[in-house]
Amino acid sequence: MSIFSNGANMAAQRSLLYALGWTEQEIKKPIVGVISAQSDIIPGHMHLEEIARAVSEGVLAAGGKPVTVPCIGVCDGIAMGHEGMKYSLPSREIIADSVEILAKAHAFDAIVLIGNCDKIIPGMLLGAVRVNVPAAFVSGGPMLAGHKDKGKLSLSSMFEAVGAYTSGKIDEAELLRYECAACPSCGSCSGMFTANSMNCLLEALGMALPQNGTLPAVYSARLALAKRTGEAVMKLLEKNIRPRDILTPKALKNAVRVDMAIGASSNSVLHLLALASELGLSKSEFSIDTMNEISRVTPNLCRLAPAGERYIEELDEAGGVSAVIKTLLDAGLFEGDALTVSGVTQEERTAGALVTDPALIRPVTDPYSPYGGLAVLHGNLAEGGAVVKKSAVAPEMYRHSGPARVFDSEEEAMQAISGNQIRPGDVVVIRYEGPKGGPGMREMLSPTASLVGAGLGGSVALITDGRFSGATRGAAIGHVCPEAAAGGVIGIVKEGDVIDIDLEAGTVNLRVPEEEIAARLAAFVPKQKPVTGYLKRYRAQVTSASDGAVFKN
């Protein structure tokens with residue numbers, strides 16, 4: 001029953017609800033906030049009004065009163081490659097704050113959170129933990145893969161085509177053909193990029209119903225899933241099951257296991273660490289090293305674009321995340337007694353899941369790799385850790401040594417790449433793009449895709465204190481901590497210094513004597529880029545990427 005039915009002391013508040021056209025019976029029902037990030041600028045969000053309507057129908061059918069309220073969102077693809085990307089990761093904190101404010105200020109009894117892309121889902125997760133009323137998630141679903149010349153495409157194909165164009169491999173007419181074919185429908189971009197990674201991990205965390213991460217946006221079954229989510233949140237309310245009951249250390253570790261199995265985006269490291277921080281977990285309960293430990297014993301079962309030639313819609317057809325979870329469960333690599341928003345455990349929920357395409361979801365006895373899709377590296381260049389999507393790296397680049405090509409911004413690096421100034425064997429270093437240095441820790445799909453498009457993906461490594469899109473492939477090492485702006489060793493790398501990378505050993509080192517590194521650091525004064533507005537406040541508050549780039553307590 002709604003708080004607003006509590007006698008005379010809520011009469012003034014009820015008068016405002018009558019102003020909305022509510023009836024006395026509606027006011028007495030539990031109020032469910034349907035928090036939707038619908039907008040007309042994000043392809044993954046353009047249809048969320050329909051998803052929100054379907055959720056509301058499910059809530060109504062189960063006896064609740066749904067109210068739809070808005071949430072902001074940034075399209076990383078549109079923001080990529082210019083100043084706008086500085087606002088993408090910072091938007092996560094605004095989204096978390098918005099969820100908290102909307103739910104608390106309006107005394108929602110429960111919430112359903114509807115997003116799709118990149119920072120929206122992680123921000124909503126953080127907000128749901130703070131509010132801690134019964135909550136469930138449903139995404140807008142993935143985009144269908146594009147088609148060109150009998151092959152499939154995604155947004156990463158588009159960025160790589162730009163690299164091919166700038167290096168003279170294709171002409172403008174061919175670039176236009178890519179441009180018109182890469183993104184054929186609404187939905188989150190069709191590979192295992194950040195948006196789809198997080199929506200799949202919502203299933204592994206237990207916060208969304210099965211198929212949340214894989215059912216295509218354009219399928220009518222997506223609307224039915226939204227209705228079932230509305231019904232599910234009412235059952236959670238009845239049983240008083242809340243996010244903190246579901247999001248235990250066990251659930252986070254399960255999410256990491258699925259992350260490693262499906263080869264998810266390296267951005268999931270940031271967001272799971274941020275979630276652990278919001279939950280108040282200690283470093284011993286969950287940290288960046290926890291993720292590395294799980295990676296070492298979890299096989300990589302899926303190779304979806306950009307690491308492979310298969311797409312999210314095909315994962316759905318192969319059995320989806322439930323089939324991946326069942327495969328891990330049967331191998332003793334997943335804790336099945338974790339609770340879910342279905343009101344049952346993961347083991348109960350996935351009991352009937354089947355892998356219908358073992359070439360897409362491989363058995364644990366025949367994985368793509370015996371270890372996970374992500375790896376955390378350490379060394380003198382990254383004492384606090386660095387992250388690489390190992391499943392998207394060509395085996396010949398697992399070990400690489402080369403001269404550093406040093407750039408103090410993404411723009412400087414892109415000028416060199418576009419000007420054909422990068423040579424096979426080089427190690428491109430892009431610094432001052434971390435949480436504080438950017439500020440905002442920009443994704444850098446443009447440099448990595450341009451290198452791949454220019455034919456350098458198998459011979460050039462890229463290291464940054466910024467981060468990469470889930471669409472990135474190649475030897476792209478991000479999240480280097482400490483970042484340059486915080487006095488990290490990446491800030492004192494000089495042009496021509498040799499950098500040694502060993503993904504098998506999990507190391508990334510600057511081949512410079514310790515005495516020389518110490519002398520450089522002693523004389524080092526980090527740069528600080530001029531910023532105003534929200535970015536200035538963000539820089540003052542944000543912590544290291546190794547802590548999830550959350551705000552200081």
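Every value quoted in this text rests on a predicted model; they were computed, and no experiment measured them. Along the sequence shown, residues are numbered consecutively beginning with 1.
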If I take atom [atom1] from residue [X] and atom [atom2] from residue [Y], how far apart are they, to the nearest 0.5 angstrom?
X      : Y      : atom1 : atom2 : answer
Ile463 : His479 : CD1   : NE2   : 13.5 Å
Met85  : Ser88  : CE    : OG    : 5.0 Å
Met441 : Tyr538 : CE    : OH    : 8.5 Å
Asn212 : Arg228 : CG    : CZ    : 11.0 Å
Ile114 : Thr68  : CD1   : OG1   : 7.0 Å
Ser277 : Leu273 : OG    : CG    : 9.0 Å

Within a strict 4.5 Å, meaning less than it, do heavy atoms of the [X] and [Y] side chains meet?
X      : Y      : result
Val388 : Met397 : no
Ser450 : Met414 : yes
Met291 : Leu272 : yes
Met158 : Cys183 : no
Glu433 : Glu483 : no
Leu252 : Leu279 : yes
Met192 : Cys200 : yes
Ile121 : Leu202 : yes

Task: Derivation of the side-chain contact (heavy atoms from CB on, under 4.5 Å) call for Asp259 and Leu201 - done: CA-CA 7 Å; Asp259 186 308; Leu201 295 190; 3.6 Å; yes
Short side-chain to backbone donor-acceptor contact, [X] and [Y], under 3.5 Å:
X      : Y      : answer
Glu93  : Pro90  : no
Ser154 : Ser190 : no
Thr298 : Gly372 : no
Thr543 : Asp547 : no
Thr350 : Ala353 : no
Lys119 : Val74  : no
Ser322 : Pro210 : no
Asp149 : Gly151 : no
His47  : Cys186 : no
Arg242 : Asn132 : yes

Would you say [Y] and [X] are linked by a side-chain donor-acceptor pair, where the criterion is simply a distance under 3.5 Å?
X      : Y      : value
Asp337 : Thr345 : no
Arg222 : Ser139 : yes
Ser342 : Arg349 : yes
Asn254 : Gln346 : no
Ser265 : Ser197 : no
Ser369 : Asn300 : no
Ser188 : Asn196 : yes
Asn116 : Asn199 : yes

Task: Tyr178 ring center within less than 6.0 Å of Tyr165 ring center - done: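 When the ring centroids of Tyr165 and Tyr178 are compared, they turn out to be at least 6.0 Å apart.
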Task: Step-by-step side-chain contact (heavy atoms from CB on, under 4.5 Å) determination, Val138 to Leu113 - done: CA-CA 6 Å; Val138 61; Leu113 301 120; over 6 Å; no
TODO: Report the C-alpha distance between Glu49 and Arg53 in whole Å, list the side-chain angles of each, state the deciding distance to 0.1 Å, and finish with yes or no for salt bridge (Lys or Arg N to Asp or Glu O under 4.0 Å).
DONE: CA-CA 6 Å; Glu49 186 176 351; Arg53 187 179 301 114; 3.6 Å; yes
Might you point out which heavy atoms bring [X] and [Y] nearest each other, and give the distance in Å?
X      : Y      : answer
Ala545 : Leu270 : O-CD2, 3.6 Å
Ile312 : Pro142 : CG2-CG, 3.4 Å
Val341 : Ile246 : CG1-CD1, 3.7 Å
Leu153 : Ser157 : CA-OG, 3.6 Å
Val99  : Ala128 : CG1-N, 4.0 Å
Ala135 : Leu236 : O-CD1, 3.5 Å

Open item on the list: Between Arg177 and Lys148, is the side-chain contact (heavy atoms from CB on, under 4.5 Å) condition met? List the steps.
Closed with: CA-CA 8 Å; Arg177 291 186 66 215; Lys148 177 182 173 293; 3.8 Å; yes
- [ ] Step through the shown structure and confirm whether more than 12 heavy atoms of other residues, nucleotides or ligands are within 6.0 Å of CD on Glu174.
- [x]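 Yes, because the 6.0 Å sphere around CD of Glu174 holds more than 12 heavy atoms from other groups.
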Task: cation_pi(Lys389, Phe468) dist<6.0 Å, angle<=45 - done: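 Not satisfied by the 6.0 Å and 45° rule.
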Task: Lys/Arg cation over aromatic Phe286: Lys253, 6.0 Å, 45° cone - done: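 Judged by the rule (NZ or CZ under 6.0 Å from the ring centre, within 45° of its axis), Lys253 is not positioned above Phe286.
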- [ ] Could you walk me through whether Arg473 and Glu160 pass the side-chain contact (heavy atoms from CB on, under 4.5 Å) test, one step at a time?
- [x] CA-CA 10 Å; Arg473 62 187 175 116; Glu160 290 173 14; 2.8 Å; yes
- [ ] In sequence, state the C-alpha distance, the side-chain angles, and the governing distance for Glu309 and Lys152, and then conclude on salt bridge (Lys or Arg N to Asp or Glu O under 4.0 Å).
- [x] CA-CA 8 Å; Glu309 302 301 320; Lys152 290 186 176 182; over 6 Å; no
